[in-house]
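One structure is given here, and the rest of the page talks about it.
Worth saying up front: this structure is predicted, and the values here are computed from it rather than measured. Each chain gets a letter, A, B and so on, in the order the sequences are listed, and its residues count up from 1.
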Amino acid sequence: MAQIFHRSTNILSRLTIYGALFILAGLVWAAYIIYSSPYFTEVNVARQQPVPFSHKHHVSGLGLDCRFCHTSVEESSFAGIPPTETCMTCHSQIWSDSPMLEPVRASYRNNTSLEWTRVYQLPGYAYFNHSIHLNKGIGCSTCHGRVDRMPLTYRENPMQMQWCLDCHRNVERYVRPREDVFKMDYVPPGDQLALGEKLVKEYKIQKLTDCTTCHR
Amino acid sequence: MAWVLLGACRTDMHVQPRYKSLEPSPFFDDGRSARPLVEGTVARGHLRIDEHLYTGKVNGVDVDTFPFPMDRAMLERGRERFNIFCSPCHDRTGSGNGIIPQRGFRHPPSNHIDRLRKAPVGHFFDVITNGFGAMYSFASRIPPRDRWAIVAYIRVLQLSENATMADVPPEARVQLQREGP
């Protein structure tokens with residue numbers, strides 16, 4: 001019986017096997033790119049909110065401290081989303097007939113919740129506590145970025161384990177004096193590593209890379 | 001093959017059957033998973049029997065003493081809390097010219113007028129706790145001990161705004177004269 005395939009097709013099969021390696025590698029690479037892209041991590045993507053709240057206006061425009069609204073951030077795992085009462089503290093008189101703020105007034109009138117869309121969300125198996133980070137000298141802007149420059153709030157960092165570990169393994173690169181944690185415009189000094197190592201000792205920052213630090 | 005691999009992905013560890021803070025809940029009528037306290041509930045250690053500490057009054061009259069000693073650390077705590085919660089309206093000096101009145105909120109009186117300099121400390125505590133005029137209550141935002149620290153700091157501001165050169169320690173006068181107030 002005559003051969004169906006000509007001898008020259010051998011080269012095709014070799015190329016195909018060889019090429020498959022690249023295709024597989026390419027698939028892995030593409031998966032990684034998608035996984036670390038804003039499509040997946042939501043970095044720099046402003047979410048739709050019931051009221052277009054501007055941190056830029058309230059923080060750098062008016063000079064409000066983070067803790068005016070996020071009152072529990074120093075004592076609790078949860079920073080606290082302010083109740084409508086906090087909004088109305090000023091907006092009972094300012095912009096009090098703005099249609100943009102009607103959802104806020106309706107919430108106050110009817111005692112219903114304003115349903116904000118969470119921007120920072122951790123998976124259920126990751127434990128996180130705001131207060132310990134602040135009390136050990138990690139500033140708001142280290143994770144949340146320059147919130148005072150965000151007209152609409154978006155996620156500054158990918159919230160993936162690799163990103164958490166980058167800091168947990170090298171705290172001295174990020175730690176700052178406790179009195180500066182709420183400073184949005186804080187710039188690390190030139191000798192950050194020296195300062196960082198000093199603060200790690202002073203604040204008794206412990207080993208932070210056990211699995212159970214976050215997965216408990 | 002990709003579908004076979006992806007089929008192994010499950011989210012039941014990622015989305016666990018519990019509520020995160022302030023997560024919505026279809027179970028309760030108001031849609032909130034964060035439940036208000038049942039009326040009359042007292043958390044352990046939070047029974048408010050000390051009228052002086054929690055209301056700033058004794059027998060319904062504003063007190064003029066602090067319920068616990070004020071030291072430097074407490075005053076600095078008061079300064080920090082004043083700057084966070086009060087300065088948007090009252091200004092960092094207590095003048096009442098903060099950024100919020102500048103944007104149209106009703107002007108609060110200056111903390112340095114005669115009436116408020118003579119007011120007992122319990123009055124300030126009561127205003128922070130229950131609000132006054134256009135000012136909302138800050139009771140849910142500032143715990144009682146911090147409110148007292150703020151009241152003490154208001155007294156510091158009142159003193160500083162009415163101080164004379166004679167109040168400045170001699171060793172600090174030169175510096176003050178050089179740098180201005």
Side-chain angles (χ1 to χ4, degrees), chain A residues 23-24 27-28 30-31 57-96 108 110-118 120-130 179 182 215, chain B residues 1-2 5-6 9-25 28-36 76-77 79-89 91-92 98-108 128 131 133-143 146:
Chain A
I23 290 174
L24 274 178
L27 279 176
V28 170
H57 166 68
H58 289 85
V59 180
S60 56
L62 303 175
L64 295 185
D65 190 285
C66 310
R67 292 163 285 181
F68 188 90
C69 302
H70 305 291
T71 51
S72 60
V73 73
E74 288 172 298
E75 291 97 32
S76 160
S77 63
F78 185 51
I81 297 296
T84 308
E85 183 191 24
T86 301
C87 312
M88 293 298 285
T89 301
C90 298
H91 290 295
S92 60
Q93 295 204 0
I94 295 181
W95 288 74
S96 54
Y108 195 67
N110 308 329
N111 190 25
T112 50
S113 300
L114 264 174
E115 294 187 29
W116 302 100
T117 306
R118 280 197 73 150
Y120 281 84
Q121 183 86 279
L122 277 178
Y125 48 74
Y127 173 86
F128 177 80
N129 188 313
H130 271 98
E179 56 272 21
F182 293 99
H215 305 297
Chain B
M1 194 176 80
L5 289 176
L6 283 176
C9 293
R10 293 167 58 184
T11 57
D12 45 2
M13 284 289 277
H14 199 286
V15 185
Q16 297 177 6
R18 62 179 165 89
Y19 290 121
K20 294 181 172 179
S21 309
L22 304 185
E23 203 172 298
S25 161
F28 296 100
D29 280 346
D30 60 3
R32 298 168 181 166
S33 65
R35 307 309 304 156
E76 293 195 347
R77 173 86 182 166
R79 171 164 64 186
E80 186 190 58
R81 299 291 123 175
F82 184 91
N83 289 341
I84 295 170
F85 292 106
C86 314
S87 69
C89 289
D91 181 49
R92 292 203 167 204
I99 185 91
I100 304 299
Q102 288 174 37
R103 300 293 172 95
F105 204 85
R106 195 194 307 167
H107 260 83
I128 302 173
M135 174 179 157
Y136 276 29
S137 159
F138 277 72
S140 63
R141 290 168 255 185
I142 313 176
D146 281 351

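Aromatic ring orientation, F85(B) versus F68(A): tilted (interplanar angle from 30° to 60°).
Smallest separation of non-hydrogen atoms from R32(B) and S113(A): NE-OG, 2.6 Å. Contact record, S92(A) with F105(B): OG-CE1, 4.0 Å, taken as the closest heavy-atom pair.
The distance from the OH atom of Y125(A) to the NE2 atom of H14(B) is 4.5 Å, given to the nearest 0.5 Å. One distance of note links CD of E85(A) with OH of Y136(B); it measures 7.5 Å at 0.5 Å rounding.
Using a 4.5 Å heavy-atom threshold, the side chains of R118(A) and E23(B) count as separate. Using a 4.5 Å heavy-atom threshold, the side chains of I100(B) and I94(A) count as touching. Looking at heavy atoms from C-beta onward, M13(B) lies out of side-chain contact with P123(A) at the 4.5 angstrom threshold.
The most heavy-atom pairs under 4.5 Å with chain A, out of V15(B), I99(B), I84(B), come from I84(B). Across L122(A), T71(A), D65(A), T89(A), the residue that shares the most heavy-atom pairs under 4.5 angstrom with chain B is T89(A).
Atom CG of D12(B) has more than 12 neighbouring heavy atoms from other residues, nucleotides or ligands inside a 6.0 Å radius.
For E115(A), no part lies under 4.5 angstrom from a heavy atom of chain B. Using a 4.5 Å cut-off between heavy atoms, S72(A) does not touch chain B at all. Only the side chain of L64(A) comes within contact range of chain B, with at least one heavy atom under 4.5 Å from a heavy atom of that chain. Both the backbone and the side chain of R103(B) come within less than 4.5 Å of a heavy atom of chain A. Proximity to chain A (any heavy atom under 4.5 Å) is restricted, for S140(B), to the side chain, taken from C-beta onward.
The salt bridge (charged side-chain N to carboxylate O under 4.0 Å, His left out) test applied to D146(B) returns R77(B), not counting sequence neighbours. For R18(B), the salt bridge (charged side-chain N to carboxylate O under 4.0 Å, His left out) test picks out no residue, with sequence neighbours left out.
A salt bridge links R67(A) and E80(B); the closest N-O separation between the charged side-chain nitrogens and carboxylate oxygens is under 4.0 Å.
The closest donor-acceptor contact from the side chain of Q93(A) to the backbone of R106(B) lies under 3.5 Å.
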